[in-house]
Undergrad: 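My questions will all concern the structure given below.
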Amino acid sequence: MKNRLLAIAPSVLAVALAMLLGFVVVALTKGVSEAAGAFASMFAGAFGEPSRVDELGVFAFLRPWGESATKATLLTLTGLSVAVAFRVGLFNIGAQGQLVVGALVAALAGAHLALPAGLHAVVALGLAAVAGGAWASLAAWLKVRRGVHEVISTIMLNWVALRLVEGWLVPGPARAQVEGNNSINGTDQVLPGAELPNLFGESSRLNAGFLLAVGVALALLFFLQRSVRGFEWKVAGLNPHAAKAAGVPLERTVVQAMAVAGACAGLAGAVLVLGTEHRYPGTISAPWGFDGIAMALLGQGHPLGVLASAVWFGALRAGGTRLQLAGIHKSFPELIQGVALVLVAARAAWERLLARAVRRA
Amino acid sequence: MLEFFHTLLFSTLEAAPPLVFAAVGASLCERAGVVNVGVEGMMRAGAFAAAAAALVMPTPLGVVVGALAGASLAAVHGLLCIRLRSDQVVSGMALNLVMLALGTFLLEAVFHSSSGSTPITQLSRLSLGSIDAVPLLGALFNHSALTYLAVLAPLLAHWALKHTRWGLRVRAVGEQPQAVAAVGIPVGTLRFSAVLLSGALAGVGGAVLSTATLDHFEHHMPSGLGFMAVAAMVFGRWTPLGAAGAATFFALADSLRIGLASSAPSLAQLVPGGVQLALPYALTLLVLAVQGQRGGAPAALGQSFDLERR
Amino acid sequence: KKSEPAVPGATPAAAAARIVGVVTDVGGRGDQSFNDSALRGLEAWAAAQQYQSGSYAPLSPEARTATIPEALRAKVTPLSVKPLVLQSKSPEDYQPNLQLLVDQRADLTVGVGFLLENAVEQVAKANPKSSFLLIDSPILDAQGQPAALPNVRTVVFREEEGSFLAGVLAGFAAKDTVGFVGGMEIPLIKKFEAGFRAGVKTANPKVKVLVGYTGSFDNVAAGKQLAQDQLAKGAEVVFQAAGSDGLGAIQAVKEAKAAGKRVFAIGVDSDQAHLAPDAMLTSMVKRVDLAVYEAAKDLSEGKFTGGDRVMGLKEGGVSLAPVTLDFEGKAAALARVDALQALVAQGKVQVPANLKALETFEPPAP
Amino acid sequence: MIALEHISKRFGSCVALDDVSLTLSPGERLAVVGENGAGKSSLMNVLYGLYQPDVGQVRFGGETVRLSSPKDAVRRGIGMVHQHFALVPTLTVAENVMLGHEPLRRGLLDARAAREEVVRAAKAAGFALDPDATVGGLTVGSQQKVEILKALARGAKTLILDEPTAVLTPQEADELFASARALSEQGTSVVLISHKLAEVLAFATRIAVLRRGKLVRADLEPAKTSPAELAALMVGEGVALDVPTGSGVAAGAKEVLRLERLEAKGLARVSLTVRAGEVVGIAGVDGNGQRELAEVLTGARPWTAGTFTLLGQQRSALTPADCHALGIAHVPEDRLRDAVVKDLTVEENVALGRHGAAPNARGPWVDVAGRHANAVTLMEASDVRPREPLLRLGELSGGNQQKLVVGRELQGTPTLVVAVQPTRGLDLLAVAEVRRRLRQVADAGAGVLVVSLDLDEVRALADTIVVLAHGRVTGTFARGEADERELGRRMLAVSA
Ligand SMILES: Nc1ncnc2c1ncn2[C@@H]1O[C@H](COP(=O)(O)OP(=O)(O)OP(=O)(O)O)[C@@H](O)[C@H]1O
Ligand SMILES: Nc1ncnc2c1ncn2[C@@H]1O[C@H](COP(=O)(O)OP(=O)(O)OP(=O)(O)O)[C@@H](O)[C@H]1O
Ligand SMILES: [Mg+2]
Ligand SMILES: [Mg+2]
């Protein structure tokens, strides 16, 4: 127990310290009470506003939760994508591209397949996962068959996906059909049956996508820690030579793990489309895939760690919008996330401090 | 036809330097065994600092400040992964994220603008007057001094790795840090020097954007060029010459696409724009897939070194 | 410097003011393009405020007037409104940001850019008592059919008409080649291209138009590379509609000018003359500011209504910025531009809004 | 005069050195012996500035010196040849030797001077080395020589040799000791760490014994002691170090392995057979095809021609997974690369290779309890210390890692055992134990193939000795059929 606490302490402390630093900076420039007010409104935007229950009813909570969960879902899935690849020793910089591909496939499947409601969403999610997985497998295949380093191939695949999808398909062949000279932002709207249901109706965007992300995290946790295959992934990541000698089919392992990683990112794209956007928007523009790297690292590659980081930072970002109303820069949550990551990177220093404190205690 | 190649050459020489500097820098860092995926952030730091400094000093000095800014960020990277032995990929990505947000932050704090800094005096261009018009030969001129420096940098880096004491040690430390430590060379200091140099080069790469390509810092800079530089470095098999070659190839591919679009519009029209834009990347993948690309990475790349750990 | 917090209701003086919220698209504040234009309409024109590092300061009357084009100065008077601005970082921010402004009791909420169409539709339906303004797109239903909402005013611009005039001017200023630098190849940008090419053809059918797309809106270097290529191939005027990439294109022209070439750039959305005073021929100005200002004015006068509006040359929605640089035949060119502007405004000339219409476009006789 | 005084050093919970004091006089030849993990390497690493002692100090001629890095030690004339080589495989011999004290000309590397220095030093030490060869391509024996050259080229006044002969042929070992003796006669002090008591007794002028981090004796004179006494001091009790010779191969025992005119990269027309119950020893100078042969047998290298018959079945290809399924056990030469994962726990490493079957797994799921119990049993049986299954494997000493690998591979009932240098770097007790285990599995019906560069080992273990030279079989002898000199001739292929 103590060991587990010690293991997650650096991440938790790093995030806490980053928040504190952020607070100090705001307090220095705007005054302490303003800073306190700003942070309070950020938390209100993230976790709910008890003070407005009278006015908004239960939506004083459900709406902020919906926004936090929307972002947490994407961060969880892309974070898991990166974490899974890390397991087999691959650095998946390509979650962004896999997400883009998954989102497009989900949008097309959601808009153009004729299936019963419910099943339609499942099929669209499944196809997006397959598409993301296939896209990632390209990198894995290049790695095991041609020795191409995954960092270069995933970077390249990101660009290829982005250019093909947002530079050609979405504004071109896959563009929504619209009257006259209007431009619609993206592809055709998905059919209602393909939308991920909102859990609390119209006024909160909290949808089934969040449950899906939590489910994927738990499934991966169980798989990685308790299954023979999961053990093989770990061995392959730590020492491929020994893995090979131990009879682990190395190439297959790498391709499988990368496919699962891509499927996670593809699901993220699908959830974005089926859950909130209901079409592939003109551009996705936010670097969810790169944020996924941060989540994987803050969560130390542990599925629950990824989930925890994603929920926290998803909430901060959702609530962080309100910081703009207090005149604080729009990138503030991202800055906190970056600083936290730097502090996690310095975890050796933390660990030394902690070890000393524990020894003294 | 000649005109086509003339503009192709000119355009490549304009577009390649930021990538070349950054990729060569990354190759030095990784040769020493330290992963550098923080190039994007270091370029951003360099671009911002150079533009800000050039407001109060001659622009060439601003470029130096850009190099220093890149090196400062690299120093944090070095501190994290050499002294504190944190994961090198983590550190690099963390710095990227911080710089992405910090760049826009500082822009607002210093320039009260969220789009760009105040314009500066752009770096002057080397023009030989009449020669500029000579086909092909002329394309070699009318660039800023940084373009010529970008031609020199990889050669210099290659030469330094091969013929200086520092270079020998860097080559050794990336492969087998134990061996270097065992003969009494401080591994950390040696790696730190390579990391700093890499940061300085990435900083110059960024500075090219804000002092030569444009005359101010624009809030998107370097818009992904840092990651391209890392890709170029890997493509170039972790060597300065290879990295520079790959970086130039990327720039050339881009110039070729642009050149075809205007010189042969009917040809360009056959392929949709988005597909054309994807082509250089897809082609790179294809080349790698066909020729294969095994090995090349320094053996101890990414491993932090601790004398007493085995 | 006296600054007041942006939180509504914080000062008694502001209590009476109507609140106008703006949600930018991902381009955000400072894009030197239509987001900035919308903010100008609200902050400088309507509220007489200046935004600086997170807070508002009152704008002096002179400074305010300087932001308003002469023709509009009489019409654009300060209003009692409070701006409330949220910038979006990704598409799924649009909806919560709009909703947040409604929750912050904004009387009118503006969505800037066609990217916000879906979000404005959702939020307007969920908050039928609030008023909305959507820039650059009508409300469309799932099938893409216009579907007006009573509480939403939408404004679209005839960019092709402004681009057309830019093309005419370019056709006069150039002897045989001009260039068009586009950003991403999306229908909106194609509209600019079509209008521009029609204009060039009208001015001088012998002038060749080089067309290139960078494929992005955030890559300065790409824009510059593209423009350099066009300049090297003889382009004398470069018209850009490419977001940040366009800044690179202008830079390329500026450098070529400094190197002694006779070349010009044409800016887009806002008057971009300050970016290259020696090389900027004109800018194709899209008066998003005016659209926002008018909505705010209607609101404060209690006259706000929904409905779809189209703003072309006739409505003053698009126009050319003043041409300050000289070139051979300028007077004739300006005369022709004025004449054509009148023809378009009267509907006697139909400017093509896409490349297909461009193919069949017949330039009016001089 | 160098003095190590009251040195203590811990690694986490493991006490590597406990109040050790030792002196070294000029020209002395001190041998340090002890079990695996006794702290020999750690003590020398302290002297070489690689490890910082927790307690204690180092004195040079009475002056207390802080050796904060090897640089300080090198400056005081200490040279060390490491147990785990410290060479850069991608650099040339000359570059490796000059690293750290590079000759410069006008500020630049002087490659010519470096090359000349290597040639000179190699000649002086009697080594044949090409200064321009890339170290990674050299045999382990040659790499060892490069290591020694590095120390000599730095003008070491004190030379520490940590198990230098573990990978050398007898001739090479003799040459090495001759050079070392010559050096000591010129005033250089030499510290030798070795598990081979015969060479310790022949070479040293004084012997020190470490046991579990403590110094037991520091004043033994070779002339007045014996292997038996040393062994008793090292392990603390009287132990039998003899390997039982097997019951021999039963007539008509079935063939486990048969190779006929096998061709592969590095191998030419290799024919050999291993029968159930037989130990076949592969003798040869390092780099003559032993590694390749082992790789072919364990599925890591394809063969191009010839027949490969395993358990009576002819095979056209073999993968590592096939090997596991067929019961081929593999003790590889480089355990950290091929056999274990440093960053997994001991327990997970014990499961590795059989991780998909009981007791380590139940169906597709890991059986955590079963895996733990199995690891405890194995560590007990193979005497792996410390007995902590949840320790990171990298924290075990080299010897204990090797015991774990051997124990794991010989678990169950292998049909064929391929062991490459199975006792490299092990102490006496451990060597005896490993050899006993190999014999045991043979007696239980397995075919055993031992590749070793240590001729004594091959002679002690093997029922049949196969000599490899240049990738070909140059001789096959039954036990006792050939003497050391004949084997040596075949190894050098001079008879051909
Ligand atoms: N990085 C992390 N962030 C957040 N929580 C974590 C993290 N790592 C571990 N935890 C928490 O610790 C608990 C146990 O962690 P974990 O499963 O890694 O232990 P374990 O020793 O590997 O378990 P087992 O031996 O059962 O595989 C988890 O339920 C989780 O809540
Ligand atoms: N860097 C290290 N980290 C952790 N433990 C270590 C380290 N170095 C040595 N040890 C531990 O210290 C003890 C002594 O190890 P050392 O390598 O000195 O033994 P040795 O006598 O050289 O053994 P061998 O004959 O096997 O080489 C062992 O238990 C080992 O596990
Ligand atoms: Mg675990
Ligand atoms: Mg040892």
Side-chain angles (χ1 to χ4, degrees), chain A residues 29-30 34 37 41 45 52 55-56 63-64 66-67 70-71 74 163 166-168 170-172 175-186 188-192 202-203 205 272 275-279 281-288 317-318 321-322 324-331 334, chain C residues 3 5-8 26 28-29 51 53-56 84-97 99-101 103-104 113-119 122 125-126 136-138 140-146 156 158 160 184-191 213 215-218 353-354:
Chain A
T29 50
K30 310 226 169 224
E34 312 263 314
S41 74
R52 296 190 70 182
E55 184 185 343
L56 299 170
R63 199 178 283 146
E67 296 314 322
T70 303
K71 297 198 182 297
L74 300 179
R163 298 304 203 190
E166 294 192 359
W168 171 44
V170 170
R175 183 159 63 92
Q177 295 307 308
V178 178
E179 297 268 292
N181 288 327
N182 303 316
S183 296
I184 207 161
N185 41 335
D188 280 318
Q189 195 162 328
V190 301
L191 301 173
E202 275 303 295
S203 298
R205 293 206 295 172
L272 178 70
T276 54
E277 296 307 300
H278 301 154
R279 59 159 50 105
T283 164
I284 283 188
S285 68
W288 293 116
R317 286 179 176 203
T321 307
R322 304 199 179 205
Q324 289 184 42
L325 296 176
I328 297 171
H329 197 279
K330 62 173 173 176
S331 309
E334 283 86 349
Chain C
S3 72
V7 182
V26 288
R29 186 188 284 280
Y51 177 87
S53 312
S55 54
Y56 284 109
L84 210 53
V85 178
L86 285 181
Q87 302 186 63
S88 307
K89 288 178 285 187
S90 56
E92 74 286 347
D93 281 348
Y94 297 145
Q95 199 181 329
N97 285 0
Q99 181 64 51
L100 180 58
L101 290 182
D103 288 347
Q104 298 288 323
F114 66 89
L115 292 173
L116 281 83
E117 182 270 320
N118 218 8
Q122 305 276 332
K125 279 182 180 159
D136 255 3
S137 170
L140 302 167
D141 65 11
Q143 282 70 46
Q145 308 292 337
V156 296
R158 293 201 197 280
E160 70 277 15
M184 288 180 87
E185 249 181 300
I186 56 175
L188 178 68
I189 305 296
K190 293 272 183 196
K191 220 164 154 186
Y213 283 84
S216 57
F217 288 121
D218 62 358
N354 53 51

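Numbered from 1 within each chain, the chains take letters A, B, ... in sequence-line order. Note: hydrogens, waters and symmetry copies are ignored here, and every other heavy atom, side chains too, is used.
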Undergrad: Quick check for you: to the nearest 0.5 Å, what is the distance between C/N118 atom CG and A/R279 atom CZ?
TA: 4.5 Å
Undergrad: Where does A/L191 contact chain C at under 4.5 Å (heavy atoms): side chain, backbone, both or neither?
TA: neither
Undergrad: Can you tell which part of A/E277 gets under 4.5 Å to a heavy atom of chain C, answering side chain, backbone, both or neither?
TA: both
Undergrad: Less than 4.5 Å apart, any side-chain heavy atom of A/P281 and any of C/Y94?
TA: no
Undergrad: With respect to chain A, which residue among C/M184, C/Q87, C/R29 yields the maximal number of heavy-atom pairs within a distance under 4.5 Å?
TA: C/Q87
Undergrad: Below 4.5 Å from any heavy atom of chain A, which atoms of C/D218 appear? Answer side chain, backbone, both or neither.
TA: neither
Undergrad: Looking at chain A, which one of C/S90, C/S216, C/P96 has the largest number of heavy-atom pairs inside 4.5 Å, strictly under?
TA: C/P96
Undergrad: Quick one, C/D93 and A/K71 - any side-chain contact, counting heavy atoms below 4.5 Å?
TA: yes
Undergrad: Is it the side chain or the backbone of A/W288 that comes within 4.5 Å of chain C heavy atoms, both, or neither?
TA: side chain
Undergrad: Mind ranking C/L116, C/D103, C/I186 by heavy-atom pairs under 4.5 Å with chain A and telling me who comes out on top?
TA: C/D103
Undergrad: Let me know if C/L100 has heavy atoms under 4.5 Å from chain A in its side chain, its backbone, both or neither.
TA: side chain
Undergrad: To the nearest 0.5 Å, how far apart are CD in A/E67 and CD in C/Q95?
TA: 7.0 Å
Undergrad: For the side chain of C/K89 and the backbone of A/K330, is there at least one donor-acceptor N/O pair under 3.5 Å apart?
TA: yes
Undergrad: How long is the span from the OG1 atom in A/T321 to the CD atom in C/Q99, to the nearest 0.5 Å?
TA: 13.0 Å
